[in-house]
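Encoded as structure tokens, the structure appears first; notes follow it.
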Amino acid sequence: MSVNLSAYQSVLKELQPFAAALVAVSKVKPASDIRELYDAGQRIFGENYVQEMVDKQSQLPADIQWHFIGHLQSNKVKYIAPFVTMIHAVDSLKLLQEINKQAAKSNRVIYCLLQIHIAEEETKFGLDEAELMNLLNDYKTQAAAWPYVKIAGLMGMATNTDNLEQVRKEFAGLKTLHGKIKADFFADEPAFKELSMGMSGDYHLALEEGSTLVRIGSLLFGARIRP
Ligand SMILES: *Cc1c(COP(=O)(O)O)cnc(C)c1O
């Protein structure tokens with residue numbers, strides 16, 4: 001058994017009172033592992049690499065909802081646009097424009113989350129608050145012309161630290177920003193409701209701070225060995 005089905009069941013139980021959903025992060029794991037969790041009832045899977053997601057999607061049931069959670073280059077959007085449900089780490093207007101263009105070709109709407117930089121680490125991607133405001137002000141002028149993308153919320157990754165108070169503060173800050181953005185830009189947009197935060201090591205805190213989508217990999221699929 002490669003997939004931890006008892007961890008899966010306990011995560012689902014834990015999510016219930018929060019009405020949050022699970023994105024099972026299956027990057028670098030084989031399609032057979034996804035199939036095992038699919039057979040246990042899971043439908044939302046998250047992947048970080050374009051070619052890998054395309055390969056797996058072609059081998060697995062069509063009712064899987066694929067979430068792309070990695071850093072996405074504009075020139076690769078076309079490969080996933082025919083099937084991807086949600087893209088979690090959007091950080092530029094140019095990328096939104098390209099997603100709209102490629103989604104239009106398949107006559108689909110792709111839900112997008114804007115990635116916010118909440119961690120201390122320099123290496124993590126994402127927008128700061130000023131960049132987010134600029135992006136949204138520009139987006140406002142384009143939104144009507146881009147019907148194939150919908151901004152559905154925000155995503156963030158907390159600092160990788162044992163300092164739980166710091167992690168909690170980062171999640172709480174993202175929740176506050178979400179509320180502000182909702183009020184200022186998306187008050188009339190019911191699709192703007194998602195807050196993607198929390199991974200295997202910090203999802204309990206993320207739920208307490210308002211996460212609606214937790215992205216959990218190693219807890220379900222085991223540790224990853226980097227190629
Ligand atoms: C890999 C990854 C996850 C899952 O991490 P785990 O610690 O294995 O749960 C979540 N979010 C993103 C963006 C990732 O790249």
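Remember, it's a predicted structure, so these values are computed and weren't measured experimentally. All ligand and atom numbering here is 1-based and tracks the order in the structure.
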**OP:** Check each heavy atom of L219 against ligand 1 and say whether those closer than 4.0 Å belong to the side chain, the backbone, both or neither.
**Re:** neither

**OP:** Can you pull out the closest protein heavy atom to atom 10 (C) of ligand 1? Residue, atom name and distance to 0.1 Å, please.
**Re:** M199 SD, 3.4 Å

Original post:
What is the nearest protein non-hydrogen atom to atom 9 (O) of ligand 1, stated with its residue, atom name and distance?
Top reply: S200 OG, 2.5 Å

**OP:** Show which atoms of ligand 1 fall inside a sub-4.0 Å distance from at least one heavy-atom site of I216.
**Re:** 9 (O)

**OP:** Describe, in one word, how the ring planes of H71 and F125 are oriented to each other, choosing from parallel (under 30°), tilted (30 to 60°) and perpendicular (over 60°).
**Re:** parallel

**OP:** Identify which of K27, R224, R215 has a heavy atom lying nearest to atom 2 (C) of ligand 1.
**Re:** K27

Original post:
Just which atoms of ligand 1 are under 4.0 Å from any heavy atom in N48?
Top reply: 14 (C), 15 (O)

Original post:
Quick one: does NZ or CZ of R43 land under 6.0 Å from the six-membered ring centre of Y38, within 45 degrees of the ring axis?
Top reply: yes

**OP:** Distance to 0.1 Å, residue and atom name: give those for the protein heavy atom nearest to atom 12 (C) of ligand 1.
**Re:** I69 CD1, 3.5 Å

Original post:
Is the F186 ring parallel, tilted or perpendicular to the Y139 ring (thresholds 30°, 60°)?
Top reply: tilted

Original post:
Is D39 paired with R35 through a side-chain N to carboxylate O contact shorter than 4.0 Å?
Top reply: yes

Original post:
Quick one: do E52 and K27 make a salt bridge, cutoff under 4.0 Å?
Top reply: no

